[in-house]
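Contents: one structure, followed by commentary.
We number each residue from 1, following the sequence as shown.
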Amino acid sequence: MDTGKKRTNIVFPFNEKMILFALLIIIGTPNPGFGSDYQKIIINDTDVNLLYLDRRLDISGKRMTADINGTPIRTCKPIKLDPGKYCISGCLAFQPPRGCFSETGDIDDHWKIQKIIPLEFILVEGGYFFEIKKPGFLFVDVRLSKDLTRIQSFIQIENAESLNHKNKINPDKILPHYKYSIKSNELSRADDHELVAVTELIPVAEGKFYTYSSTEKNDSVAGGYFGNGAERKVGQSAICPIHFIQPVAGTGLCFQVPAGREIKYVLLNIMMKSDMKEAKFGNQLEEGEVASPYKTYDASILFKGESSENTIKRRNTILRYTDLSDLRYYNIADKIPNFRKHWYAKDKDLTIINTGTSLTARSTEYCTRRKDASSRPPLMHSNNLVSYLWDALMWEGQVYRRYDYPGFFVEDGHFRTVSGMEEWDDYTYRDSLTRYSDEKSSSIRFAVPQNAWQFNFIYRTDINGSEDCKITIAEGNGKMEVFNGTGWVEANNYIFSMKESAPVNVSVIIVDPNSKAGNLRKITDYQVKGNSVYQKRLKMRCKSESFDSLGVIKHIKITHTSGRFMYWGVEFSPREFMITFINAARGSHNSLLGNNSRELSRYQDSDIHIHKPDLFLSEDPIHNAGASDVRTFHMKNSFMFAKVTENFFFADNGISLLSRAKKHWSYVPEFVLFNTTITSRTYGGLDSDGNCLLKKTKDGKVWSSYDAMSSVYMGIKEKYPDVVYINATKFWIEACINCFGSIGSAVADSSPEGYTFICGSHWNDIGCKVMARIILPVIFDL
């Protein structure tokens, strides 16, 4: 929305003749741009004729070069800019932008750009900062749509010190079937007939005014205030309801955030359309006491004019710690030889598992949603840590189609999307998006494309799942086979089950990790299996020694006549084999073994072993086992944390992940583990100055949470030398101090795309990149 400042929205009619005319006659004529009256330039998807349609930049040669093979990357015509500080964002072709600055904006007959002034693009919140010191013209590469007829989205250039209001309600993060109740002052699940959803937890500042407005009148809006650690789950209590008042002028409803109550977020109810797929009308929340004209949500956050030498230096340091280029730990992959061998050969299916806490489980709660979310694997739909790891591990050619991928699935009957149901044991603990139907006659249809050798259906099981899911192939027998657990059989008319068996209990004896004498502890009836399996695969193939249907499109229908039907989507590849990364982490869970329902081992059969992973590339869940909170160290011995990790992963006790894999599931995985981070004061690891807090352990050592994390690293390294264990905590602290001067400043609460490393108390986009930079060298060393 505008705030009374002038803006140029550059729009021209589009046709091929005008483009040719522009290229032949007006080459070198600059775009209208920033003069003293302009605060913003937006080049939108109708502005194709503002591009050199057959050119892209060659920065080193200070020239433009010819388009190569129909690439969607093009160069914008010169944009006039006055001296000043700017922020550029949008559909830039490169990150950081590929751009240059010319004093004249002229291009000679050889497409050479005249009088170049070098530009440095610096990553900031929502875009890239750059500064010019004399009048001139900006050239920058942007990205077109696949059909090359329009800009993929837009590019936006703004005065860096001009802070315009923005709509804070992200429609992609609205959560259907939930509501905030003023009566109970908490979140609850909405009834099926209630067309209501809730926004994400939107960051606000105490004492500030905010205004809610909508494109249609909505007097029924309600919401609540929430503090640090709040989650969108049933029973989450608000600090207090929002008290709305009429704004000083115009439409909408205004509120002032109460001061002194440690309020960090607001959450609002949103009215939905009857299909629950989108909001009933445009919703807007903005700073200030007056509603502005409605503006769609824009994920970019403007650079706020901080331009001191120290700030620029810090941004450059952050860029260095988030550079995911080809790093090395040197020969560390020698310790995972089996995985490395098959990763290169691609001669068998490979599976990787991460298990851990909310630090690796959470996705869009603390990180931004990816634009290509519907074409990525389960739980890889945000810019979280595991997404970065997956992008380095995946094999070329693998394709993913989620339930909402445009035009792929046809559903018959009533389906809805949930990220958790109360009877599922992973309910609220991860964003496990599932499409499901309780109608007995519901079914789905989709096509298996040509040249898909392996083709897998990805679904969920639970205690109410259907036992008679039937695959029908319109083209008949001999076109596909399905793996039934022991061998390959005909896929047409194959019946499989979505019903999950009851949880499994075992009795085990473990070493008490806090006992100096190594006392044994018997645990009777310890649960090792949950009641639901997420992202289970039904493996199919379109070629074997006896048949080959790669050249034929197959049309599949999956039906059922009882129970619940649940699915995520499909994956396929032109290769015979695929690589799979299962993120089995759960928020609020830990690596302890005892009588707590939040212990990850209680769900290991259904979360982990059913997939028989070749490699654990995994967080060590020691964070939630107490290693992050020094306030409880007086009850723990200094050797406890390494023992907890040993009991959880390696001990020959019948319940560790390794011992149960070997003795009950008959496989032996390899391990790459990493400890985690001191993420906020919330977890009791930092003092008021943002430094590591020191407390005495039960056995008299003065320790910080960094010492606790490092003790695990050393304990595993000494006792299990063949295990790769990365002391990520050490590198994280180094990044915090080098970028911000202290841990506390680096983990100050910002937002998913914020400038610090943290949103709430978890890694945001930048924090995940810092962690990825620490772990990726293991993958790059393969």
Side-chain angles (χ1 to χ4, degrees), residues 317-318 320-324 327-333 335 354 356-357 359-360 385 388-389 591 617-630 633 638-642 644-646 649 671-681 683-687 689-695 697 701-721 723-747 756-758 761-763 766-781:
T317 307
I318 291 174
R320 187 166 73 250
Y321 279 94
T322 54
D323 177 14
L324 304 183
L327 306 172
R328 284 287 184 268
Y329 281 153
Y330 301 108
N331 302 322
I332 196 168
K335 294 185 177 182
N354 169 70
T357 68
L359 291 172
T360 48
L385 171 64
Y388 292 121
L389 303 183
S591 51
L617 177 57
S618 178
E619 172 195 350
D620 180 355
I622 201 71
H623 183 282
N624 285 0
S628 61
D629 191 355
V630 301
F633 277 11
S638 59
F639 53 78
M640 171 186 165
F641 302 108
V644 168
T645 295
E646 182 181 9
F649 281 109
F671 289 85
V672 173
L673 306 180
F674 55 92
N675 53 19
T676 52
T677 60
I678 304 164
T679 52
S680 74
R681 293 182 178 88
Y683 294 115
L686 301 177
D687 60 23
D689 295 323
N691 300 315
C692 284
L693 185 62
L694 297 175
K695 293 288 184 180
T697 62
K701 292 189 177 181
V702 178
W703 260 24
S704 68
S705 52
Y706 170 50
D707 295 317
M709 298 284 187
S710 296
S711 74
V712 182
Y713 162 72
M714 284 305 303
I716 299 304
K717 184 179 178 67
E718 290 176 356
K719 194 163 184 178
Y720 301 92
V723 169
V724 179
Y725 196 107
I726 302 170
N727 193 7
T729 312
K730 174 185 176 182
F731 296 103
W732 171 269
I733 290 176
E734 175 189 308
C736 289
I737 293 174
N738 286 346
C739 293
F740 288 89
S742 73
I743 304 171
S745 297
V747 300
T756 69
F757 294 170
I758 295 296
S761 56
H762 293 70
W763 307 323
I766 297 179
C768 287
K769 268 199 168 184
V770 172
M771 283 299 295
R773 185 180 183 271
I774 296 168
I775 301 162
L776 279 174
V778 175
I779 301 173
F780 292 146
D781 193 48

Task: Steps toward side chain to side chain donor-acceptor pair (under 3.5 Å) verdict (Thr357, Asn624) - done: CA-CA 7 Å; Thr357 68; Asn624 285 0; 4.6 Å; no
Open item on the list: Can you tell me how far apart NZ (Lys701) and CG (Leu694) are? Round to the nearest 0.5 Å.
Closed with: 14.5 Å
Task: Contact summary for Ala772 and Pro777, nearest pair of heavy atoms - done: O-CD, 4.5 Å
Open item on the list: Ignoring hydrogens, what is the shortest heavy-atom contact between Ser591 and Pro621? Give both atom names and the distance.
Closed with: OG-O, 3.3 Å
Task: Validation row: Ile775, Tyr388 side chains within 4.5 angstrom (heavy atoms) - done: no
Open item on the list: Using the ring pair (Phe, Tyr, Trp, His ring centres under 6.0 Å) criterion, which residues pair with Phe671? Sequence neighbours excluded.
Closed with: Phe616, Phe650
TODO: State, with a plain yes or no, whether a side-chain heavy atom of Leu686 is found less than 4.5 Å away from one of Val747.
DONE: yes
- [ ] Taking the side chain as every heavy atom from C-beta outward, state whether Val778 and Phe674 have any pair of such atoms under 4.5 Å apart.
- [x] no
Task: Exercise: do Thr677 and Trp763 side chains pair donor with acceptor under 3.5 Å - done: yes
Task: Partner residues of Asp781 under the side-chain hydrogen bond (donor to acceptor under 3.5 Å, both in side chains) criterion, sequence neighbours left out - done: none
TODO: Check whether any side-chain heavy atom of Lys769 sits under 4.5 Å from a side-chain heavy atom of Tyr321, and report yes or no.
DONE: no
- [ ] Begin from the C-alpha positions of Ile779 and Leu617 and carry the test side chain to side chain contact (heavy atoms under 4.5 Å, CB included) through to its verdict.
- [x] CA-CA 10 Å; Ile779 301 173; Leu617 177 57; 4.1 Å; yes
- [ ] Measure from the ring center of Tyr720 to the ring center of Phe649 and say whether it is less than 6.0 Å.
- [x] no
Task: Side-chain donor or acceptor of Arg773 paired with backbone N/O of Arg320 under 3.5 Å - done: yes
TODO: Would you confirm whether Asn675, through its side chain, and Met709, through its main-chain N or O, come within 3.5 Å as a donor-acceptor pair?
DONE: yes
Open item on the list: Determine whether a donor-acceptor pair (N or O, by modelled atom type, separation under 3.5 Å) exists between the side chain of Asp689 and the backbone of Asn691.
Closed with: no
- [ ] State, to 0.1 Å, how close Ser705 and Ala627 come at their nearest heavy-atom pair, and which atoms those are.
- [x] CB-O, 3.2 Å
- [ ] Go through Thr322 and Val770 one step at a time and tell me if the side chain to side chain contact (heavy atoms under 4.5 Å, CB included) criterion holds.
- [x] CA-CA 5 Å; Thr322 54; Val770 172; 3.9 Å; yes
- [ ] Please round to the nearest 0.5 Å and tell me the distance separating atom CZ of Phe641 and atom CD of Glu646.
- [x] 15.5 Å
Open item on the list: Could you work out, with side-chain hydrogen bond (donor to acceptor under 3.5 Å, both in side chains) as the rule, every residue matching Ser618, not counting sequence neighbours?
Closed with: none
Open item on the list: How long is the straight-line distance from CG of Leu693 back to OG of Ser628, given to the nearest 0.5 Å?
Closed with: 11.5 Å
- [ ] Measure the CZ-CD1 distance between Phe740 and Ile318 for me, rounded to the nearest 0.5 Å.
- [x] 4.0 Å
- [ ] Rounded to the nearest 0.5 Å, what's the gap from CD1 on Ile737 to OG1 on Thr317? Could you check?
- [x] 13.0 Å
Open item on the list: With side chain to side chain donor-acceptor pair (under 3.5 Å) as the criterion, how do Asp707 and Ser710 come out once you've worked through the C-alpha distance, each side chain's angles and the decisive distance to 0.1 Å?
Closed with: CA-CA 5 Å; Asp707 295 317; Ser710 296; 5.8 Å; no
TODO: Anything under 30° is parallel, anything over 60° is perpendicular, the rest tilted; go ahead and classify Phe633 against Trp703.
DONE: perpendicular
- [ ] For atom NZ of Lys335, decide whether the heavy atoms of other residues, nucleotides or ligands shown that lie under 6.0 angstrom number more than 12.
- [x] yes
Open item on the list: Donor-acceptor check, side chain of Tyr329 to backbone of Ile774, threshold 3.5 angstrom: yes or no?
Closed with: yes
- [ ] Write down the atom of Ala708, the atom of Ser711, and the distance for their closest heavy-atom approach.
- [x] O-OG, 2.6 Å
Open item on the list: Measuring from atom CG of Leu359 to atom CD of Glu619, what distance do you get when rounded to the nearest 0.5 angstrom?
Closed with: 5.5 Å
Task: Check: Leu673 and Ile726 side chains under 4.5 Å, non-hydrogen atoms - done: no
Open item on the list: Show, in sequence, the C-alpha distance, side-chain angles and deciding distance for Ile743 and Ile733, and conclude whether the side chain to side chain contact (heavy atoms under 4.5 Å, CB included) test is met.
Closed with: CA-CA 6 Å; Ile743 304 171; Ile733 290 176; 4.0 Å; yes
